[in-house]
Amino acid sequence: QIRDRKKYVLNRIGGVISEKKMGMNLYFLSEKILNKFWDLIKDSKDDVIAGLVIGIAKICSKREDIALGPICEFLGISQGTLQKSVQRKLFDSHGIKNKEKGFKKKVEFLEDIGLFKGL
């Protein structure tokens with residue numbers, strides 16, 4: 001039996017956003033990020049993909065009222081896993097050396113260079 005992983009990940013994202021009462025705007029931005037970077041991130045575990053996408057959406061939408069820790073806890077993953085995913089999947093795949101430390105700084109750097117433009 002084959003399942004639609006992208007649909008499953010979107011359901012996980014929707015569950016987190018609903019549980020944490022983050023709003024539908026964050027869900028729709030997460031969906032756009034998932035679609036844009038699916039080919040780069042699809043070999044990660046589903047919950048890591050969901051956390052990565054929500055984390056990027058949170059930072060891009062400037063939602064300081066949302067902490068990454070509870071999102072990771074809800075998904076059963078660590079914040080370090082998300083940081084490593086950003087490094088491997090987005091920095092390394094775009095030929096960027098490890099310029100920044102920390103998940104937020106990495107995402108902000110990628111945003112500054114235009115990687116999330118048009119979302």
Side-chain angles (χ1 to χ4, degrees):
Q1 186 173 357
I2 298 172
R3 68 181 172 101
D4 184 343
R5 284 189 65 223
K6 198 188 272 190
K7 186 176 179 180
Y8 175 80
V9 171
L10 274 174
N11 284 337
R12 289 293 285 160
I13 290 168
V16 172
I17 288 174
S18 174
E19 175 75 22
K20 302 295 179 189
K21 297 175 178 47
M22 295 183 222
M24 289 307 291
N25 287 342
L26 197 64
Y27 175 83
F28 292 124
L29 181 56
S30 296
E31 183 177 25
K32 289 177 185 177
I33 292 167
L34 179 68
N35 288 330
K36 180 170 183 166
F37 296 108
W38 178 252
D39 287 336
L40 288 174
I41 62 178
K42 68 182 177 187
D43 63 337
S44 296
K45 292 181 180 180
D46 295 342
D47 288 339
V48 173
I49 294 170
L52 180 64
V53 168
I54 294 169
I56 291 170
K58 166 204 155 354
I59 293 165
C60 290
S61 64
K62 311 291 188 243
R63 292 288 303 271
E64 297 298 327
D65 60 315
I66 300 170
L68 195 55
I71 294 168
C72 291
E73 189 175 311
F74 184 88
L75 292 168
I77 59 175
S78 74
Q79 291 184 46
T81 300
L82 297 186
Q83 184 174 330
K84 288 176 193 162
S85 289
V86 169
Q87 180 65 44
R88 276 192 2 258
K89 310 289 184 190
L90 299 178
F91 266 56
D92 294 350
S93 69
H94 285 87
I96 301 168
K97 298 286 184 210
N98 192 2
K99 291 180 153 270
E100 301 291 341
K101 298 229 183 276
F103 183 79
K104 182 177 179 183
K105 292 286 186 195
K106 287 179 188 293
V107 173
E108 287 172 342
F109 176 81
L110 293 171
E111 187 176 28
D112 288 346
I113 65 168
L115 195 60
F116 306 120
K117 197 173 200 154
L119 295 178

Side chains of L75 and R12 in contact at under 4.5 Å (non-hydrogen atoms): yes

Counting only heavy atoms not in K62, do more than 12 sit closer than 6.0 Å to its NZ atom? yes

Stepwise, does the salt bridge (Lys or Arg N to Asp or Glu O under 4.0 Å) test hold for D4 with K6? CA-CA 6 Å; D4 184 343; K6 198 188 272 190; over 6 Å; no

Close side-chain approach of V9 to V53, heavy-atom, < 4.5 Å: no

Partners meeting side-chain hydrogen bond (donor to acceptor under 3.5 Å, both in side chains) with N11 (sequence neighbours left out): none

Check the pair I56, L52 against side-chain contact (heavy atoms from CB on, under 4.5 Å), reporting the backbone distance first and the verdict last. CA-CA 6 Å; I56 291 170; L52 180 64; 4.0 Å; yes

Check whether more than 12 heavy atoms from other residues, nucleotides or ligands sit under 6.0 Å from atom NZ of K36, and answer yes or no. yes

With sequence neighbours excluded, residues passing side-chain hydrogen bond (donor to acceptor under 3.5 Å, both in side chains) with Q83: none

Residues, nucleotides or ligands: over 12 heavy atoms within 6.0 Å of E73 CD: no

Between M22 and V16, is any pair of side-chain heavy atoms under 4.5 Å apart? yes

Just so I know, are the side chains of L29 and C60 near enough to count as touching, which here means a heavy-atom distance under 4.5 Å? yes

4.5 Å side-chain heavy-atom contact, I17 and S30: yes

Which pair of heavy atoms, one from R5 and one from I49, lies closest together, and at what distance? NH2-CD1, 3.5 Å

Are I66 and I54 packed together at the side-chain level, in the sense that at least one heavy-atom pair is separated by less than 4.5 angstrom? no

Check ring pair (Phe, Tyr, Trp, His ring centres under 6.0 Å) between F28 and all other residues, then give those that pass, not counting sequence neighbours. none

Could K20 and F74 be counted as a cation-pi pair, given that NZ or CZ must be under 6.0 Å from the ring centre and within 45° of the axis? no

Any idea how F116 and F37 line up, ring-wise: parallel (<30°), tilted (30 to 60°), or perpendicular (>60°)? perpendicular

Answer whether the closest heavy-atom distance between the side chains of L90 and V107 falls below 4.5 Å. no

